[in-house]
Amino acid sequence: NAGVTQTPKFRVLKTGQSMTLLCAQDMNHEYMYWYRQDPGMGLRLIHYSVGEGTTAKGEVPDGYNVSRLKKQNFLLGLESAAPSQTSVYFCASSYRGGATEAFFGQGTRLTVV
Amino acid sequence: DQQVKQNSPSLSVQEGRISILNCDYTNSMFDYFLWYKKYPAEGPTFLISISSIKDKNEDGRFTVFLNKSAKHLSLHIVPSQPGDSAVYFCAASLGGSNYKLTFGKGTLLTVNP
């Protein structure tokens, strides 16, 4: 049982480049989330989805877009990467919302130079 | 406005002793609290949770205490083991199907042999 899988694990981008981070879960969870973690900060919610075909903004959505075309996948896109987007990105999924255990992926370390 | 605060960035304890990690919150509407543990280069993993209708929840060596009047919760680890060395995040939710988990900044626990 793989749980939550993120691709890629590491990436270096130049300023202005675009990329997509892929998150896949095999637990049939309805809710999926994208967080970023920065030094000295907690996990901050970027975007989330409460089901296939739905997306919504979290705390820090600017500069990111998401899509959930299939229930098991949640994609995070950076249209024009900026150095401020250098961070570790975590995807998570849960059966319901915040009152249930969320399962996290292993993270994607992104550096924008 | 930080709604979930972990005021101790780090904590060091001796193996076999008790570890106490603290968390304060400001939003009285929070209904559910969770602790996550994170090792380097891995995603956070769920550790233990507590509903606002309880004041204590125990799972093996881990106990979470909730003091609603003080808006304070704590995680006790007894006895502490070197494998417990990790970053611990406190998180709070409005409960039910609400999507959002609000995380603290984390506390790095080091358990010395």
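The chains referred to below are lettered A, B, ... by the order of the sequence lines, with proteins before strands, and numbering in each begins at 1. The structure displayed is predicted, hence computed values, not measured ones.
No part of Gln6(A) comes within reach of chain B, as not one of its non-hydrogen atoms sits under 4.5 angstrom from that chain. Only the backbone of Ala41(B) comes within less than 4.5 Å of a heavy atom of chain A; no side-chain atom from C-beta onward does. Proximity to chain A is absent for every atom of Phe33(B), based on heavy atoms less than 4.5 angstrom apart. With a threshold of 4.5 angstrom between heavy atoms, Glu59(A) approaches chain B through side-chain atoms but not through N, CA, C or O. Contacts of Ala92(A) with chain B are absent, with no heavy-atom separation under 4.5 Å from either backbone or side chain.
Salt bridge Asp55(B)/Lys68(B): absent, no basic N to carboxylate O contact under 4.0 Å.
Classification of the Phe46(B)-Tyr36(B) ring pair by plane angle, with boundaries at 30° and 60°, yields perpendicular.
Ring centroid separation for the pair Tyr64(A) and His47(A) does not come in under the 6.0 Å cut-off. A ring-centre distance under 6.0 Å is found for Phe104(A) and Tyr35(A).
For chain B, the option among Arg109(A), Lys9(A), Gln37(A), Glu30(A) with the highest count of heavy-atom pairs below 4.5 Å is Gln37(A). Contact count against chain B (heavy-atom pairs under 4.5 Å) is highest for Ala102(A) among Ala56(A), Gly105(A), Cys91(A), Ala102(A).
Side-chain atoms of Ser49(A) and Thr54(A) form a donor-acceptor pair, as typed in the model, at a separation below 3.5 Å. No hydrogens or angles considered: nothing links the side chains of Asn65(A) and Ser67(A) as a donor-acceptor pair under 3.5 Å.
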